[in-house]
> 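One structure follows; several queries about it will come next.
Order of the sequence lines sets the chain letters (A, B, ...), proteins ahead of strands, with each chain counted from 1.
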2 protein chains.
Amino acid sequence: MPQHLIRKLQQFAPLSEEDGRALEDAASRKVRIFGAHQDVIREGDAPEHVNLILEGWACRYKQLEDGRRQIISFFLPGDLCDPHVFVLREMDHAIGTITSVRLAEIHRDQMLRLTDEHPRITQALWWETLVTAAIQREWTVNLGQRTGLERIGHLLCELFIRPRGVGLTEGDSCLLPVTQVELGDATGLSNVHVNRVLQELRSRELIVLRGKRLSIPDLEALQRVALFNVNYLHLEREGRRLEESHLIPG
Amino acid sequence: MPQHLIRKLQQFAPLSEEDGRALEDAASRKVRIFGAHQDVIREGDAPEHVNLILEGWACRYKQLEDGRRQIISFFLPGDLCDPHVFVLREMDHAIGTITSVRLAEIHRDQMLRLTDEHPRITQALWWETLVTAAIQREWTVNLGQRTGLERIGHLLCELFIRPRGVGLTEGDSCLLPVTQVELGDATGLSNVHVNRVLQELRSRELIVLRGKRLSIPDLEALQRVALFNVNYLHLEREGRRLEESHLIPG
DNA sequence: CGTTAAATTGAATGCAGTCAACTTAAGTGG
DNA sequence: CCACTTAAGTTGACTGCATTCAATTTAACG
């Protein structure tokens, strides 16, 4: 079931078959399905388990008292929502679906067993956690420094390259099941302005966007326009170093 | 030496004397001093050790090719710069000082020993890591949704409450050794606008700011204006639950 | 085919940026 | 300790990117 997670973690370091089986087991105990635009967990709730996205898109978000809403990150298939959340007493943000979503609830004891018995998974989850933090930092830069055009361009680069790592793209195109309002909530722009920026990107032939499908005919060109530097995704098989090290027994 | 770190971790769960000694040992092997406005580590460098701020202020930042600079987070005394950063091959951001800084370099083996032999420290570092991530999320909201006035107000609340947790405030005031340019780099505002916002906050008697000292006569009022909800700092002694649980032997 | 959500367009407004000059504070060396 | 230098803070005028409001078109869906 959790092919996307396994595939993603293997970007960091190869997992053994046993590691894979352990992940499959953990991800098959409790599978739930949510419709589009539903809350998986709300701000203030106590986290009970780790959610693993198997299918569909979700997001973290926070809402201010007056209704303003910020999408803090997107969860794609293979993404884990905070392997260690239950260290905290309550959620400081909500997790909601974008599309309909199939996810696995992994119990805390299950997570502990996974990391206790599988050092390679532990390391890979650390990598996952650090990359998630790096993405959050990059979003900070995006919102703080980039113009509207750059912001949307940057987000589209990320939302193409991340799924590509788990085999969810076809050539230069991928699914983008996100409304313009949601793009605005993620980039701090109004939906009206998102629309205008998308038109500008289209007219410059940097993107093709019809329905829920995004194509990027010249990714490098879009990256240039968006000042996108892929280094923050740490995709360069960091694990090679790991294999040579003494940290993880072969 | 690392009283601030110990004090901070104890907000989460009480540490034993032995835990404290282990932290003191780890933090005294190699201590370095930096002047103000220097780089501790640059983007692209390989992380060699964990930095623990003993004294002074530092920050993470990222710079775009054209010079635009975003401060991603502030490091105060007691803050650890990514306990597991060496899982990654290279830094995706820089760490620079704000004031002159005294910091301890903790070697990776030292970190591993610390977490191997002290489960309570491990848990407390997890809490630290999760709170750091929560702060980064809140900054995302800050930059994406709040107005200039709210942004600065929110940041000032955070920069008062965080040091208060480690004993670095006196009554309603604390040090704020940050220029208006740096406040702008952190909030995505121009220095000119930061200046005007600060004047507005002063004229509403929400802050007193002279030199490097900040006073907040009515914290709740400032929190209201800034839409500041303290929950994301997770200060409510999460450890109580920990003590009752089976995860950590008493 | 009708209903609702999403996308698009135009016009008017405003928050924040830029540029440039000036003042004040801080730091340094004679 | 003061003169000099540089950094930090402040002010005004002008500009512009992005928002808001409102209307309209298009697409999605039962």
> Without decimals, in angstroms, what is the distance between B:H193 NE2 and D:dG16 P?
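My rounded result for the distance is 18 Å.
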> Mind checking B:R202 for me? I need base, sugar-phosphate or nothing, with any heavy atom below 4.0 Å counting as a touch.
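It contacts sugar-phosphate atoms only.
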> Name all pairs fulfilling the side chain to side chain donor-acceptor pair (under 3.5 Å) condition that reach into residues 156-165 of chain A, sequence neighbours left out, sorted by first residue then second.
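Output for this query lists A:D79-A:R162, A:W139-A:E158, A:E158-A:R162, A:E158-A:Y232.
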> Check whether any side-chain nitrogen or oxygen of B:R210 sits under 4.0 Å from OP1 or OP2 of D:dG9, and answer yes or no.
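No, B:R210 has no side-chain N/O under 4.0 Å of OP1/OP2 on D:dG9.
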> Check every strand shown and say whether B:T179 touches a base, only sugar-phosphate, or nothing at a heavy-atom separation below 4.0 Å.
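It contacts sugar-phosphate atoms only.
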> For B:V192 and for B:H37, locate the closest nucleotide of DNA chain D by heavy-atom distance; then report the residue assigned to the nucleotide nearer the 5' terminus.
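Per heavy-atom nearest nucleotide, the more 5' residue is B:H37.
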> Atom CG of A:D66 to atom P of D:dT19: distance rounded to whole Å?
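Spelled out: CG on A:D66 to P on D:dT19 is 15 Å.
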> Tell me if the side-chain of B:R196 makes a donor-acceptor pair with the base of D:dG9, cut-off 3.5 Å, by modelled atom types.
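Check fails, no donor-acceptor contact within cut-off.
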> Rounded to whole angstroms, how far apart are CG on B:L176 and C1' on D:dA8?
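It is 14 Å, rounded to the nearest whole Å.
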> Between atom CG in B:L183 and atom C1' in D:dG9, what is the gap in whole Å?
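Taking atom C1' of D:dG9 as the reference, CG of B:L183 is at 12 Å.
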> Taking only the side-chain nitrogens and oxygens of B:N195, find out if one of them lies under 4.0 Å from OP1 or OP2 of D:dT10.
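Result: yes.
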> Hey, does A:G188 reach any base, or is it just sugar-phosphate, or nothing, if we go heavy atoms under 4.0 Å?
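The answer is sugar-phosphate, as A:G188 gets under 4.0 Å only of primed atoms, P, OP1 or OP2.
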> So if I apply the side-chain hydrogen bond (donor to acceptor under 3.5 Å, both in side chains) rule between A:Q180 and each of A:D185, A:N195, A:N191, which one comes out positive?
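Among the candidates, only A:N195 passes.
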> With no hydrogens and no angle check, do the side chains of A:E138 and A:N142 hold a donor and an acceptor under 3.5 Å apart?
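Looking only at side-chain atoms, A:N142 and A:E138 do not form any donor-acceptor pair under 3.5 Å.
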> Between A:Q180 (CD) and D:dA27 (P), how many Å, whole number?
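Rounding to the nearest Å, CD of A:Q180 and P of D:dA27 are 13 Å apart.
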> To the nearest 0.5 Å, what is the distance between CG on A:L88 and CD on B:E236?
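With rounding to 0.5 Å, CG (A:L88) is 12.0 Å from CD (B:E236).
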> Compute whether any side-chain donor of one residue and acceptor of the other, for B:T140 and A:Q136, lie under 3.5 angstrom apart.
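There is such a pair between these side chains.
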> With a 4.0 Å cut-off on heavy atoms, is B:L189 in touch with a base, just the backbone sugar-phosphate, or nothing at all?
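B:L189: backbone/sugar contact only, no base atoms under 4.0 Å.
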> Rounding to a whole Å, what distance do you find between A:L149:CG and D:dA18:P?
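Value for this atom pair: 9 Å.
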> Calculate the interatomic distance between A:N191 atom CG and D:dA18 atom C1'; express it in whole Å.
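Rounding to the nearest Å, CG of A:N191 and C1' of D:dA18 are 12 Å apart.
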> Under 4.0 Å from a heavy atom of chain A: give me the 5'-most and 3'-most nucleotides of DNA chain C that qualify.
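Terminal contacting nucleotides, 5' to 3': C:dA6 to C:dA11.
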> Compute whether any side-chain donor of one residue and acceptor of the other, for A:R29 and A:H107, lie under 3.5 angstrom apart.
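Side chains of A:R29 and A:H107: no pair found under 3.5 Å.
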> If you measure from the Lys or Arg side-chain nitrogens to the Asp or Glu carboxylate oxygens, is any gap between A:R224 and B:E65 under 4.0 Å?
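Looking at B:E65 together with A:R224, the answer is no, because their closest N to O distance does not fall below 4.0 Å.
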> Using atom CZ of B:R213 as one end and atom P of D:dG9 as the other, report the distance to the nearest whole Å.
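Atom CZ in B:R213 sits about 16 Å away from atom P in D:dG9.
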